[in-house]
Structures are given as structure tokens and as C-alpha cells.
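Predicted model, so just to flag it, every value in this text is computed and none were measured.
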Amino acid sequence: MLKKIFSIGNEKFIYYFFLGLLLIDRALLLTAFSFKYVGSDDLIFWQSATDYMQGLFHEPYFYGQNYNFMLESIIAIPLLKIGVPYYIAFPVCTSFLALFPFFLFSFVLFKKGYFIEALIFISLPILLPIEYTLLTSITRGFISGLFFSGFLIFSLFNKTKKSLWIISALALSLGYIFNPNSLIIAIPICFYIFLNNFKKPLYYLINVLIIIPVWLIEFFSKQFYIKNPEFNVHGMWNLHFEFEHIFNSFSHLDKFFTYFMPVLWSMGWLILILILTAGIYLLFKDREKGLALVLSIILAITFLGINKVNDHIDSIFLSSTRMFLAIPLLTGLAFMWIKKHIRISDQNWIYILSIIIITTFFIKSSLYPTVVKNHTQITNYGPVAIKKIKDLRCECTELKSIAQTNNIDLILFVPDWKYNVPHMEFYNYGCPIFEKGLPPTILNVYEKRTWVYVKEKTSIHKNILILTNGIDSTKLNEIKDFEVIPWNPSIYII
């Protein structure tokens, strides 16, 4: 019976069956993690979407930073407009952006008759570890560049068509300015297109006419922070390259590639060898494709020498794997190019893939609670933190009640060694969204809404509520009228 269902002639059923499995797989992660937890940085995206809906565009990038456009905030607006809660709208939109390249590659391949290749692309996210699904549902701008890379599929089927040169140039340049991690897939494909067009002057002209205007978007965005340095609270690192970083990285490659090996999840580094092997093989069968794949591995290894790529902590929420999230798309590309050289019939491919994909799906389904629990045992990692949405909403409601009871007109959060900046950010950025009518909130340091800080530091308020671990007793003696309310952290009403 199953052999009859999963056989040549039922391509449309099989395709949509595995598409359904992919959507269920993502839904399991969203319900187990994304709809229950929020990260401290995620709340900036929530805040920016609120501002965008009101026509307020305070600065080009992630608030307080001179990098990271907030594409997710724009994509989430239609859902927020119809009343979808922020904690649902944003993970759904982030997941859409992450899966879109797989959808588009797969759909185009399916329509053009490349059925097995289409199955691979639609199934790759299922075959990857749960951590990959988790990473690509976090609203931090990790996957915004990859969204544009999906459009490169069109250029692969008509390498000499001028209108598709425009698409490939846009995909490359927009992907880069939104997140350079997209270059892992974009550069090899564009290099392949270049190898097929490098003798045509018009090819260079079109690319220059497209790439320069897109680059100017980034240039003028950076200029905003040069002219307004007070908005650059957490500036981009000065990037530099060191061969020493590459040599050191070879002793722990899994820190960078651990979530990218399909099925064999404990051997993440193996995917580099497989892609490189495919590239070397293709050098003798289809030189341009082989060169593109070999270049992709050289590029990935080269990235290891950049200091920012080595910026990580021992947590999935700030892992260097975020710099290589395009590797699965590269895996699909390698399979797409090498498949015709593998002597397995399409019928056998269907049997093999069906068994592997369905088995992996059920294994992952049973592991979601355990994996999520493992990654949420620690909630504050210093630079980043996560918090249960249910707890945050309760605390925000309590905070609003205290503020209303005491006629508070400003809430000031003062981080310290015990309650650090990410801890306070949950209240500072999250509570105004959960609790409408809450008084203005502000952090005394590291406030990423610079326009709020500028306004409030010169404003006069009658009653101020201060959340902090403690205030110096000598300073309290100078204040005649204050009240201390037991909370976690302590609340001082002045």
C-alpha cells in the first residue's frame, strides 16, 4: 500500500505530504518554545513594529546599533494589525522568512520537473537538528538576508537572461546588507552565473547599476550613526581578519557547524566535507558548478578568520552557528547539481527519502520537549537572556498596578551585577507593549531608544518609580520623600 502511494505518478501528493510535515515540524517548535519564551533583543523588534505602525522611523537599524535592519518588524505588521499577539506574530514571521528560500527553491524545481531535487529542499529543514529549527525561529535578524537568497533559484535556470541578472544582483546585494551570512549561498550561485557570462560587458553594467544603489542604502544608514553618534549605543565591531582564528577554529568546528548535518546530527562538520567532495567531483563533470561549490567551502573557512564570527557564548541564543545558517541551502544546491550523476532511479530516491524523512520527523517530534527544556534551563547568559512570556506578562501587570496606585509618571530601571541589562530590558521594552497606559519607561544606562533617553533626562516628573537591586543609603538620606516596595528587584518610589 505504502509503496503504491510513494511511487512515481503520485508526485503531487508526495510533494504536498512532505510540505505538510515541514509545516507541522515548525509548528511543534513554535508551540514548544517560540510562543512561550521571548528574548531580550526580540523586544526591540516588537517595539520597532509598534513605532512603524504609527509612522515613526527613529533610526535605520536595530535600535541603538549601527547594523541589523529589522525586516521582521515590517513583515509582522499585517498580523499585528489584525490583532495577532506579538509573541505569536513575530515567531511566525521569522519562521516564514527562514523557510521561504526552501519553499521557493522547492516550488520552482517541482514546477520544472525536478521532483527529487524539490523533495530535498522541502525536506531539509525536517532532517536538520531541532536546534536549527529553534535558531531560525528567534527574532534577531539572523535570517533576514537568507530570505532574499531564495530568489537566486530563478537565475540558475536561465543564466544568460538579462532580467535574471537583475534578480541575482538584487538577491546578492540585499541579502548582504540585511545579513552577510547570506553570502555563503549567494556568492557561489552568483559566481556560477558570472562564469557563464563573464565575456559579456552588459552583465557587468547591469550588476553595477543594481548593486551600487543597494550599497548606498547601507552607506547612508551608516552615515546616520556617524552624524548622530548618540544613537549608536552598541556599535558594530571593527571587523578584522586573522589566520590564527581559522587555525584555532579547526579544533572545534562544531561550534560553527554543529546544527547543519542532516540526519547525522552529532557530526555537523561532516557537511563541509560532503559539499567539498561534491564540488571536487563536479570539477570533472561540470566545471562551473564544481568551482562554485569549492568556492563556497573556501568562503566558509575564510569566514572563520573574522573576529565577529568568533563572537559567541556557550548558548544557542548567541552561537557562532548563526553566521552559517545558509549552509543547509548550500547542501540543497550541492545535491541539486550532483543528483544526475548518482545512479539511483527516481523511484528508489522516493523510497529512500520517504523512509528517512518520516522516521526523522517522528524522532524529532518526540524530542522537542526535552531539547527545549535543555536550552531553557539557564535563562540569563549575560549579553542575552530569555524569559517565559507568561511570567513577563504577570510581572508587567503587577508593575502597572503599582504605578497606578502611586500615581507614577516615570519608571526608571537601574541594572546592576544581579539584575543586568537584559533582565531589565524585559520590563523596559516589553511591559509598555503588554500593558497599554503604563507610564514612560527608561533604562538609566544602555537605553537603546535614544530619543526616549534624550527626552527624559531633561524632563521633570512628580513621582518616579525606580527598579533596582538597591540604592546607596547615603543617597537615600538626601531624599526626603520616598517609599520602598518589596519586589524582585526592589522598587523605590521617589
Side-chain angles (χ1 to χ4, degrees), residues 2 6 14-15 17-29 32-33 95 98-99 101-103 105-106 109 114-137 146 184-185 253-279 281 293 296-297 300 316 319 321 324-339 341-372 374-375:
L2 286 177
F6 294 96
I14 297 169
Y15 179 79
F17 174 77
F18 287 121
L19 174 60
L21 286 186
L22 172 59
L23 296 177
I24 294 170
D25 177 68
R26 180 62 57 152
L28 289 172
L29 184 279
F33 172 76
S95 294
L99 294 177
F102 295 97
F103 290 150
F105 267 74
S106 178
L109 288 165
Y114 296 89
F115 178 59
I116 302 303
E117 292 88 337
L119 275 190
I120 285 293
F121 271 101
I122 206 67
S123 304
L124 265 171
I126 300 175
L127 300 176
L128 294 168
I130 290 173
E131 284 82 358
Y132 175 84
T133 314
L134 195 157
L135 256 176
T136 54
S137 71
L146 296 179
I184 294 285
I185 182 69
L253 284 177
D254 271 352
K255 283 189 177 293
F256 304 93
F257 306 108
T258 187
Y259 305 137
F260 305 134
M261 180 64 200
V263 184
L264 304 176
W265 298 335
S266 63
M267 303 174 68
W269 53 269
L270 183 60
I271 196 61
L272 298 182
I273 296 175
L274 293 179
I275 294 172
L276 181 60
T277 303
Y281 177 83
L293 289 181
S296 70
I297 299 303
I316 192 172
S319 164
T321 53
F324 298 96
L325 290 174
I327 292 287
L329 285 172
L330 191 61
T331 304
L333 179 69
F335 179 87
M336 170 182 155
W337 280 346
I338 204 170
K339 186 259 176 184
H341 301 288
I342 303 175
R343 295 180 180 178
I344 299 177
S345 69
D346 282 2
Q347 184 59 74
N348 285 334
W349 271 120
I350 292 173
Y351 289 154
I352 293 168
L353 289 175
S354 298
I355 292 170
I356 293 174
I357 294 165
I358 293 173
T359 302
T360 304
F361 171 80
F362 282 108
I363 290 173
K364 283 181 71 175
S365 300
S366 66
L367 292 175
Y368 269 113
T370 303
V371 173
V372 169
N374 179 52
H375 287 293

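Between the Thr359 side chain and the Ile356 main chain, no donor and acceptor come within less than 3.5 Å of each other. Remark: the backbone N or O of Ile316 is not paired with any side-chain donor or acceptor of Ser319 at under 3.5 angstrom. Of the possible polar contacts, one joining the Trp265 side chain to the Leu127 backbone as a donor-acceptor pair under 3.5 Å is found.
For the side-chain contact (heavy atoms from CB on, under 4.5 Å) test with Phe115, the passing option among Ile14, Asp346, Ile120 is Ile14; the others fail.
The two residues Val372 and Ala32 come nearest to each other via the heavy atoms CG1-O, 3.6 Å. Contact between Leu28 and Ser365 at its shortest, heavy atoms only, is CD1-OG, 3.4 Å. Residues Ile185 and Leu333 come closest through the heavy atom pair CD1-CD2, 4.0 Å. The minimum heavy-atom distance linking Pro369 with Ser366 is given by the pair CD-O, 3.9 Å. Between Ser106 and Phe121, the shortest heavy-atom contact is CB-CB, 3.9 Å. Between Gly268 and Asp254, the closest heavy-atom pair is N-OD1, 3.7 Å.
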Exercise for the section: Please lay out, stage by stage, how Ile122 and Phe103 fare under the test side chain to side chain contact (heavy atoms under 4.5 Å, CB included). Expected result: CA-CA 6 Å; Ile122 206 67; Phe103 290 150; 3.6 Å; yes
Exercise for the section: Step by step, work out the side chain to side chain contact (heavy atoms under 4.5 Å, CB included) result for Leu22 and Phe18. Expected result: CA-CA 6 Å; Leu22 172 59; Phe18 287 121; over 6 Å; no
Exercise for the section: Mind running side chain to side chain contact (heavy atoms under 4.5 Å, CB included) on Ile327 and Ile184 for me, showing each step along the way? Expected result: CA-CA 7 Å; Ile327 292 287; Ile184 294 285; 4.0 Å; yes
Handout entry: Derivation and outcome, side chain to side chain contact (heavy atoms under 4.5 Å, CB included), residues Thr258 and Phe324
Key = CA-CA 10 Å; Thr258 187; Phe324 298 96; over 6 Å; no
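Taking CD1 of Ile363 as the start and CD1 of Ile358 as the end, the distance is 12.0 Å to the nearest 0.5 Å. Atom CG of Leu264 sits about 9.5 Å away from atom CD1 of Ile271, to the nearest 0.5 Å. Here the straight-line distance linking atom OH of Tyr15 with atom CG of Leu119 works out to 8.5 Å at 0.5 Å rounding. Taking CG from Leu109 and CZ from Phe105, the interatomic distance works out to 8.0 Å, rounded to the nearest 0.5 Å. For the atom pair CG (Leu272) and OG1 (Thr277), the distance works out to 10.5 Å, reported to the nearest 0.5 Å. Summarising the geometry, atom CH2 belonging to Trp349 is positioned 9.5 Å from atom CD belonging to Glu117; distances are rounded to the nearest 0.5 Å.
At a threshold of 4.5 Å between non-hydrogen side-chain atoms, the residues Tyr259 and Pro328 do not count as touching. Using a 4.5 Å heavy-atom cutoff, the side chains of Leu270 and Phe257 are not in contact. Side-chain contact between Phe260 and Thr331 is absent, with no heavy atoms from C-beta onward closer than 4.5 Å. Between Leu325 and Tyr132 there is a side-chain heavy-atom pair separated by less than 4.5 Å. Between Lys339 and Tyr114, the closest side-chain pair of non-hydrogen atoms is not below 4.5 Å. Within the 4.5 Å cutoff, side-chain heavy atoms of Ser296 are placed close to those of Ile275. Residues Lys364 and Val371 are not in side-chain contact: their nearest non-hydrogen atoms beyond the backbone lie 4.5 Å or more apart. At least one side-chain heavy atom of Leu124 sits under 4.5 Å from a side-chain heavy atom of Pro262.
Residues Ser137 and Arg26 have side chains that never bring a donor and an acceptor to within less than 3.5 angstrom of each other.
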